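Worksheet: one structure, shown below.
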Amino acid sequence: QVQMIEYGGGLVQAGGSLNLSCVNSGPDFSGYAMGWFRQAPGKEREFVAAIKRNGNPTYYADSVNRRFTVSRDNTKDTVYLHMNSLKPEDTAVYYCATSLRYWDLDRESTYDHWGQGTQVTVSP
């Protein structure tokens, strides 16, 4: 059974950085594409970033491109989201998710398993 747990959320000032990690306890982590999504209060969950099983290529939402970096370490069954130059509008619960598919990685429906989420709060 695939289970993911996110770590690294917290409170940071605007302009600061945070690093999220997501550990996958299920089998064959390297066979999955991985995605990060976020949901702000009162808003729908939205795509943030995705990475294919070998680490390349990566995909980003326009709102985070050049500020966030997604990476993975298949030897540790872990995917990371490095967030720089954070803005108050980045405040949300961040979720990681796995997919056996390698297309439409910006769509929620592509993903099969989700973590419980970790809160990121960016103060002005």
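The structure presented is a predicted model; accordingly, all values stated were derived computationally and were not measured.
Other residues, nucleotides and ligands contribute over 12 non-hydrogen atoms within 6.0 Å of the CD atom of Glu89. Enclosure of atom CZ in Arg101 by more than 12 non-hydrogen atoms of other residues, nucleotides or ligands within 6.0 angstrom is indicated.
The distance from atom OG1 of Thr69 to atom CG of Asn84, rounded to the nearest 0.5 Å, is 6.5 Å. Distance check: Arg67 CZ to Met83 CE gives 9.5 Å after rounding to the nearest 0.5 Å. Between atom CG of residue Asn24 and atom OG of residue Ser30 there is a gap of 10.0 Å, rounded to the nearest 0.5 Å. The distance from the CD atom of Glu6 to the SG atom of Cys96 is 4.0 Å, given to the nearest 0.5 Å. Taking OG of Ser25 as the reference point, atom CD1 of Ile5 lies at 6.5 Å (rounded to 0.5 Å).
The two residues Ala50 and Tyr111 make their nearest non-hydrogen contact at CB-OH, 3.6 Å. Scanning all heavy atoms of the two residues, the minimum distance from Ala92 to Ala40 falls at CB-N, 3.8 Å.
Although no hydrogens or angles enter the test, the distance criterion places a donor-acceptor pair under 3.5 Å between the side chain of Asp73 and the main chain of Thr75. Not one N or O on the side chain of Tyr32 forms a donor-acceptor pair closer than 3.5 Å with the backbone of Lys52. In this structure, the side chain of Thr78 engages the main chain of Lys76 through a donor-acceptor pair within 3.5 Å. Remark: the backbone N or O of Val122 is paired with a side-chain donor or acceptor of Thr91 at under 3.5 angstrom. Of the possible donor and acceptor atoms, one in the side chain of Thr110 sits under 3.5 Å from a partner among the backbone N and O of Asp104.
With a 4.5 Å cut-off on side-chain heavy atoms, Tyr80 and Leu20 do not count as touching. Using a 4.5 Å cut-off on side-chain heavy atoms (C-beta onward), Tyr95 and Arg45 make contact. At a threshold of 4.5 Å between non-hydrogen side-chain atoms, the residues Ser63 and Arg38 count as touching. A 4.5 Å side-chain heavy-atom check between Glu108 and Phe37 finds at least one atom pair inside the cut-off. Counting heavy atoms from C-beta on, the side chains of Leu105 and Trp103 never come closer than 4.5 Å. Between Thr118 and Val93 there is no side-chain heavy-atom pair separated by less than 4.5 Å. Annotation: side chain of Asp90 is not in contact with side chain of Val120 (no heavy-atom distance under 4.5 Å).
Using modelled atom types, one finds no donor on one side chain facing an acceptor on the other under 3.5 Å when comparing Asp112 with Thr98. A donor-acceptor contact closer than 3.5 angstrom is absent between the side chains of His82 and Ser17. Defined by atom type and a distance below 3.5 Å, a donor-acceptor pair is present between the side-chain atoms of Arg72 and Asn74.
Taking the six-membered ring for Trp and the full ring otherwise, Trp36 and Phe68 have centroids separated by 6.0 Å or more. Phe47 has its ring centre no less than 6.0 Å from the ring centre of Tyr59.
A single hydrophobic cluster is not seen to contain both Val23 and Val48; linkage of ILVMFWY side chains at heavy-atom distances under 4.5 Å, directly or through other members, places them apart. Hydrophobic clustering, with ILVMFWY side chains joined whenever heavy atoms are under 4.5 angstrom apart, keeps Tyr102 apart from Val70. Hydrophobic clustering places Val79 together with Tyr60 (ILVMFWY residues linked when any side-chain heavy atoms are closer than 4.5 Å, directly or through intermediates).
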Leu81/Asn19 under side chain to side chain contact (heavy atoms under 4.5 Å, CB included): CA gap, chis, key distance, verdict: CA-CA 6 Å; Leu81 186 67; Asn19 295 318; over 6 Å; no
* **Test log, rule side chain to side chain contact (heavy atoms under 4.5 Å, CB included), inputs Phe29 and Met34** => CA-CA 9 Å; Phe29 171 78; Met34 298 295 298; 3.7 Å; yes
message: As a quick check of understanding, evaluate side chain to side chain contact (heavy atoms under 4.5 Å, CB included) for His113 and Met4, giving each step before the final call.
response: CA-CA 8 Å; His113 302 281; Met4 292 89 68; 4.0 Å; yes
